[in-house]
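First listed ligand is number 1; within each ligand, the first listed atom is number 1.
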Amino acid sequence: MILARTLRDAGSFLFKMREDKRSVGLVPTMGALHRGHLSLIECCNSENAATVVSIFVNPTQFNDPKDLKNYPRNLERDISMLRESGCDMLFVPGIKTIYPRPDLRIFDFGGLERRMEGQFRPGHFNGVAQVVSRLFDIIKPDRAYFGKKDIQQLAIIRKLTAMLNSNVEIRACETLREDDGLAMSSRNVLLSAGERENAAIINRTLREAVRKKGMEVCELKQWVADVINNNPFLELEYFEIVGSSDLQPVNHWAGTEDELVACIAVRAGRIRLIDNVFFSNFASL
Ligand code: PAF
């Protein structure tokens, strides 16, 4: 595995790949890797001649400086995990490589960037769009891999590629879960033992909510809010039922042709956790 820290290091590997007409897949990450990332890498390995993983904790997507400061970082461990993963090049750029000058671009995603996550993390998706477009410019991958846990990020990145007329194919991979259902996330290591144990309730509640389809949407929202907020370790930020393609909130079941997804964000102490489940996956269980 090649470790590239500069444009020059990355450039020589990428030049060779393009010269040999070999496809390149990119898995963008902020490090603190877990099995969820490894499954993105596996998917990337199976579809491309070479896999590039980037690790960059992107400051422009953090609206809360404390969250940026506390974001878990463990490059040595990440490198040893990646050596075993089939990653061909690890790109670990410095801030000046990604942002040689301040990125002043403001993206308009038609309101999608202001709903759900956007309400609680103003500016977050603008920062994600800045870094992802920059990584696409540098790596010029054929395909890029993102997890379905961050479903709104996925929708934003799909819109971004359309807006930029980019040829990068966006591939969505399934959410990986711990044994008790908690969606894997780099932030899980920051939970206290009590928070971690109770965080399992998030996915369980989502799945139960999906099975309760038929109850009025507003009653279902209230039910979810009560279950989460009655737990002393958890606090609900939002629970929305949205169409999977446009992520528009649904307030009535009737007339919804798009596949529906239940999306949730919960605070466990200082840590925000998000998750979602597709109705088609769980409605009949
Ligand atoms: O999902 C993430 O880890 C980040 O938002 C991403 C896509 C790597 C951009 O910094």
Heavy-atom proximity to atom 9 (C) of ligand 1, picking from Arg134, Gln61, Met30, Gln130, points to Gln61
Quiz item: Under a single-linkage definition using a 4.5 Å side-chain heavy-atom cutoff for Ile, Leu, Val, Met, Phe, Trp and Tyr, are Ile55 and Leu68 assigned to the same hydrophobic cluster?
Solution: no
Identify, for atom 5 (O) of ligand 1, the protein heavy atom at the shortest distance, and state residue, atom and that distance.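 That would be Gln153 OE1, 2.7 Å.
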* Do we see a donor-acceptor contact under 3.5 Å between the side chains of Tyr145 and Asn48? ->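 Checked: Tyr145/Asn48 side chains pair up, N/O donor to acceptor below 3.5 Å.
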Any donor-acceptor pair under 3.5 Å linking the side-chain atoms of Glu42 with those of Asn45?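 There is no such pair between these side chains.
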Lys/Arg-Asp/Glu bridge criterion (N-O < 4.0 Å) met for Glu240, Lys221 | yes
ask   = Which atoms of ligand 1 are found less than 4.0 Å from any heavy atom of Val131?
value =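 Answer for ligand 1: 9 (C), 10 (O).
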Discussion item. Heavy atoms only, cut-off 4.0 Å: how does Ile157 contact ligand 1, side chain, backbone, both, or neither?
Written reply: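 Looking at Ile157 and ligand 1, no heavy atom falls under 4.0 Å.
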